[in-house]
Amino acid sequence: LAVVPGVVESIEEFSRHFTLALVSGSYRKDILWALNHLGVEKHFSCILGAEDYAQSKPSPDGYRKALGLLGASPEESLVFEDSAAGIASAIAAGIRVVAIESTNHFHHDQSPAHARIQDFRGVGADWIARTFP
């Protein structure tokens with residue numbers, strides 16, 4: 001498991017300030033394995049895998065389902081993504097997107113994202129407040 005620098009600390013801090021969801025194109029068993037390995041599964045109120053929504057990214061289905069399950073609006077939400085399909089999916093759902101550059105292994109176009117980070121070092125609630133006032 002390749003761990004993005006700072007991601008565990010960011011998840012832990014985010015969970016103290018926000019309700020967290022994870023929407024992935026991977027299967028639930030693989031998602032849960034990774035989250036358990038990192039010790040962060042408990043921080044997520046909603047976890048959706050490929051089998052949990054009709055159409056995969058770039059369709060907004062997964063993000064829209066998560067918003068519905070959480071009772072959240074797109075305007076009060078933020079997505080961290082690395083792929084062009086994921087970025088397009090979140091934007092189609094009306095959600096602001098932060099591109100993660102260090103996990104963009106296939107050099108997808110991340111230019112539609114609203115902001116970019118190299119990794120999660122230094123990315124917490126204060127960073128979100130400064131970046132999206």
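Keep in mind the model is a prediction, meaning the values are calculated, not measured.
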Notebook entry, point to check: Is the backbone N or O of I11 less than 3.5 Å from a side-chain atom of H43, with the two atoms forming a donor-acceptor pair by type?
Noted result: no
Checklist line | Polar side-chain atom of E76 near backbone of S73 as donor-acceptor pair, under 3.5 Å | finding: yes
Notebook entry, point to check: Tell me, do E13 and E9 make a side-chain contact under 4.5 Å, heavy atoms counted?
Noted result: no
Checklist line | Closest approach of I100 to D82 (non-hydrogen atoms, all atoms of both residues) | finding: O-CB, 3.6 Å
Just list the side-chain donor-acceptor pairs under 3.5 Å for residues 83-96, sequence neighbours left out, or say none.
residue, atom, partner, partner atom, Å
S83, OG, G86, N, 2.9
S89, OG, S59, O, 2.7
R96, NH2, E75, O, 3.4
R96, NH2, S77, O, 3.4

Next item on the list: Spell out, as yes or no, whether a donor-acceptor pair under 3.5 Å connects the side chain of K57 to the backbone of V23.
Entry: yes
Check: Does some side-chain heavy atom of V7 sit less than 4.5 Å from a side-chain heavy atom of D119?
Finding: no
Check: If we only count heavy atoms from C-beta on, is the Q110 to E81 side-chain gap below 4.5 Å?
Finding: no
Check: Hey, quick one: are I117 and V8 part of the same hydrophobic cluster, counting side-chain heavy atoms closer than 4.5 Å, chains of contacts allowed?
Finding: yes
Next item on the list: May I ask you to decide if the ring planes of F80 and W127 are parallel, tilted or perpendicular, using 30° and 60° as cut-offs?
Entry: tilted
Checklist line | Main-chain N/O of G124 paired to S10 side chain as donor or acceptor, under 3.5 Å | finding: no
Margin query: Are L48 and F18 linked, directly or through intermediate hydrophobic residues, by side-chain heavy-atom contacts shorter than 4.5 Å (ILVMFWY only)?
Written below: no
Margin query: Looking at F132, I'd like to know if its CZ atom is crowded, meaning that more than 12 non-hydrogen atoms belonging to other residues, nucleotides or ligands lie closer than 6.0 Å.
Written below: yes
All N/O donor-acceptor pairs, side-chain side in residues 33-41, below 3.5 Å, sequence neighbours left out:
residue, atom, partner, partner atom, Å
N36, ND2, L32, O, 3.0
N36, ND2, E41, OE1, 3.3

Margin query: Any non-hydrogen side-chain atom of I128 less than 4.5 Å from a side-chain atom of F14?
Written below: yes
Check: I31, L70: one ILVMFWY side-chain cluster at the under-4.5 Å cut-off?
Finding: no
Item checked: Side-chain (D61) to main-chain (Q55) donor-acceptor, under 3.5 angstrom -> yes
Note to self: Are L78 and L67 connected into the same hydrophobic cluster when the rule is that any two of I, L, V, M, F, W, Y join if their side-chain heavy atoms are below 4.5 Å apart?
What the structure shows: no
Item checked: salt bridge (charged side-chain N to carboxylate O under 4.0 Å, His left out) contacts touching residues 42-54 (sequence neighbours left out) -> R28-D52
Margin query: S45 and side chain to side chain contact (heavy atoms under 4.5 Å, CB included): which single residue from L69, L22, T19 fits?
Written below: T19
